[in-house]
Every structure is written in C-alpha cells, then in structure tokens.
Amino acid sequence: MMDHDTGYKLLFSHPRMVRDFLEGFVSGDWLRKLDLDSLEKMNGSYVSDDLRSRHDDAVWRVRWGRDRIYLYLLLEFQSTVDRFMPVRVHTYTGLLYQDLIRRHELDDNQKLPSVLPVVLYNGESRWRAPIHVRNLIQPGPAEFLGLQPEQAFLLLDQGAFDLDQLASMRNLVAALFRLEHHRTFAEVPQVLDDLINWLRPTELAGLRHSFVAWLYRRLPQWMPGVTIPQMLNLQEIQEMTRNSAQEWKDMHHQAGLQEGLVNEARNILRRQLVRRFGSLSERIEAKLNGASREQLEDWIDRTYEVEGLEDVFR
C-alpha cells in the first residue's frame, strides 16, 4: 500500500494531473477565475512545534482572480476509510499556515490564503465516514459552539463514479480512476490506448514515466502469477496487457465450451432417467450436478443396460 500511495504522489506531482483533476472533478463558478498556468507545487512536509514530522501528500497553489489571491490545494491520498480524516486534514491545514508564517510568506496586512482540502479515496468499499470535523465532536455547552474547529474536505470516492461516464471524458485523472476500478481486465489495454494518445506530446514525457512507474506497482495485483518485466514505455505495457487479456478470454471461452458440454450431457442423462424410472430424488439430482462430463457420458450408456435406477450409478 505504501508503494501504491507513493505512485499516486508521483502522478500528482505533475501540473497536468492537477489541472485535469480541477477541470474534470471540481465544480463551481469560482473555477472560471483560476489561472491554471500558474499551478505551482509547494513544500509538502512540515515539522510541528513539538518536532514531530508531519507529511501531507501534495500541496499546490494556483492564482485565483486579478488580485493574485492564492488558493492552496491540499491533496491527501487514501486507500482505507479513516473516521478521523477530518482531524488529519485540519492538522495539515494548520501546519501549512504555520509554515507560511514561519517563512515570512505573509506581510502584516496580508491574510492567510484559502485552502481546498481534497481526499482522493481509492478503496474498494464506499466511504461512509465523516467529512466534517464537527461530526466527530461530542455536544457541549451552547457557549462552546462558536469555539470549535470548522474543517471539512472535498471527498472524491473513485469507486462511486460511473465507469462509462469516465470513459467519455478526455481526462487523465478519469483514465486513472478507470484503471483502478476496471470491471474486467480486458478494459485495461483500452484505457492504456487512451493514455498513449493523450500523453504523446514531448512536454508530457515525465508524466508518461510516472504512469509507467505507477502501473509497474499495480500490474502484479491485476495479473497474479505473471512475471512483470521492467517496462520502458506505455506501448510495451499495453501490448503485454492486451496479450494477457486475450489469453484470459481464450481460457474462459474454452472453459465455457467445456461447461456447455457438461450441461448438455447432464440434461440428456436427466431426460433418459426420468423417461425410464420416473421423477428423480434430491440425492440423485445432487449426484448429477456434481459429476464430470466423462462420468455423465458413462451413465448415459448404462441407462438402458440396467434394471433399476441405482444400478446406473454402481
């Protein structure tokens, strides 16, 4: 899981990924005032006053409006549901402000910048935990209400998105979500085909390498038992996944044909037994359902050679 989180941090260290995230998954009129060309990655590691190191996953700033107000984007990557995530986000926001003050980023008349905290959750189960710190604080005296911390975060639960809708988007983050939550492995080379086309420009070479590094960590989970060679580019990965997907389809096709033959033999035997001996007991039905094709064919041959039903199975 640590490798997985590291792969996410690597991907979202590129401004194009942050840009696609903002354009594809954040809504609001305020986005029209964003200068996305001003995206700048900030220091994402802070040391609190008690000298305990705190690390948040990715902090970016982007210019908003004509007054050069900076809107800080705090991205947290999460693979498991954490009920106290609002507290973590609240802590990271405070440490970000503390760091800005310590480095004298603000003059005497300047206010603290706005922060957009985002939790990118890629777990299997849906997120049901609180997203606001107020939901974690037990009720107290009415006089305490205005003294409690106010902190929430924007949750992006990847598994809750419709995959067909994501496929209609020309968006790198949407492609990432499609890879993470593909329904069948055959969809993986299709998504990689989109990535190869979208990441073709020379200026995106670094992001291409980051996707390769992330895929190298994920492929062993999608292709258990398959040796993953050291990949050089997305085309090689796509070719390998396409071949594996075809092998998977061929294998399941053969298995389907075999299952069809077994069902056909079972139905023939059942009709013969009912025609000669009458209705079948649950015990006989269970025997038929658990038999192989070879065993069923052997019993078919015996049906008219024996005197009683039990003699068929001796």
Side-chain angles (χ1 to χ4, degrees), residues 5 8-9 12 18 21-22 24-34 39-40 42-161:
D5 290 344
Y8 261 66
K9 294 174 186 178
F12 282 88
V18 180
F21 156 70
L22 288 169
F25 296 92
V26 181
S27 60
D29 292 338
W30 65 275
L31 290 168
R32 292 201 296 264
K33 297 182 180 180
L34 278 183
L39 275 168
E40 179 184 3
M42 305 299 294
N43 173 40
S45 179
Y46 313 102
V47 179
S48 57
D49 288 338
D50 58 5
L51 301 183
R52 288 179 302 177
S53 180
R54 303 291 184 106
H55 300 272
D56 55 317
D57 289 340
V59 176
W60 289 78
R61 71 178 177 183
V62 58
R63 190 175 297 124
W64 182 68
R66 288 181 293 179
D67 295 330
R68 291 180 172 268
I69 296 175
Y70 283 85
L71 179 73
Y72 280 78
L73 307 176
L74 189 152
L75 297 175
E76 177 79 12
F77 306 113
Q78 189 70 14
S79 300
T80 57
V81 177
D82 183 354
R83 188 166 74 93
F84 293 104
M85 179 57 69
V87 178
R88 286 177 57 186
V89 171
H90 179 62
T91 300
Y92 290 150
T93 303
L95 289 172
L96 170 62
Y97 285 157
Q98 196 175 71
D99 187 65
L100 293 174
I101 296 169
R102 183 182 292 117
R103 291 190 288 110
H104 304 290
E105 292 283 332
L106 308 171
D107 58 38
D108 293 338
N109 299 319
Q110 192 173 2
K111 293 183 178 180
L112 294 167
S114 296
V115 174
L116 174 61
V118 181
V119 172
L120 214 59
Y121 169 65
N122 59 0
E124 292 297 327
S125 61
R126 302 286 58 79
W127 187 282
R128 305 295 182 209
I131 62 173
H132 202 297
V133 73
R134 75 161 70 96
N135 295 327
L136 296 171
I137 300 174
Q138 66 182 16
E143 291 79 7
F144 285 17
L145 289 179
L147 305 177
Q148 306 309 305
E150 287 288 328
Q151 178 73 65
F153 59 83
L154 174 64
L155 172 69
L156 262 68
D157 186 346
Q158 296 180 23
F161 288 103

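The structure presented is a predicted model; accordingly, all values stated were derived computationally and were not measured.
- The OG atom of Ser27 lies 11.5 Å from the CG atom of Leu22; values are rounded to the nearest 0.5 Å.
- The distance from the CZ atom of Arg88 to the CG atom of Asp82 is 5.5 Å, given to the nearest 0.5 Å.
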query = Going through the checks in order, is the side-chain contact (heavy atoms from CB on, under 4.5 Å) test met by Val18 and Val62?
reply = CA-CA 10 Å; Val18 180; Val62 58; over 6 Å; no

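- Pairs passing the ring pair (Phe, Tyr, Trp, His ring centres under 6.0 Å) check and including a residue from residues 119-149, sequence neighbours excluded, read Tyr121-Trp127.
- In this structure, the side chains of Asp157 and Arg126 come closer than 4.5 Å at one or more pairs of heavy atoms.
- Within the 4.5 Å cutoff, the side chain of Ile137 has heavy atoms near those of the Pro149 side chain.
- Here Met42 contributes atom CE and Leu96 contributes atom CG; the two are 8.0 Å apart, rounded to the nearest 0.5 Å.
- Between the side chain of Trp60 and the backbone N or O of Phe12, at least one donor-acceptor pair lies under 3.5 Å.
- With contacts defined as side-chain heavy-atom distances shorter than 4.5 Å, the pair Pro113/Tyr97 qualifies.
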ask   = Does the side-chain contact (heavy atoms from CB on, under 4.5 Å) test come out yes or no for Val118 and Phe25, once each step is laid out?
value = CA-CA 11 Å; Val118 181; Phe25 296 92; over 6 Å; no

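- A 6.0 Å sphere centred on CD of Glu124 holds no more than 12 heavy atoms belonging to other residues, nucleotides or ligands.
- To the nearest 0.5 Å, atoms CZ (Phe21) and CG (Leu120) are separated by 6.5 Å.
- Not one N or O on the side chain of Arg63 forms a donor-acceptor pair closer than 3.5 Å with the backbone of Arg61.
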message = Run Trp30 and Leu116 through side-chain contact (heavy atoms from CB on, under 4.5 Å) and show every step you take.
response = CA-CA 12 Å; Trp30 65 275; Leu116 174 61; 4.1 Å; yes

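- The closest side-chain heavy-atom distance from Leu31 to Val26 is below 4.5 Å.
- No side-chain heavy atom of Gln148 sits under 4.5 Å from any side-chain heavy atom of Leu145.
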request  = Kindly indicate, with the supporting measurements, whether the criterion side-chain contact (heavy atoms from CB on, under 4.5 Å) is fulfilled by Phe153 and Glu76.
outcome  = CA-CA 10 Å; Phe153 59 83; Glu76 177 79 12; over 6 Å; no

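- A distance of 11.0 Å separates CG in Leu136 from CD1 in Ile131, rounded to the nearest 0.5 Å.
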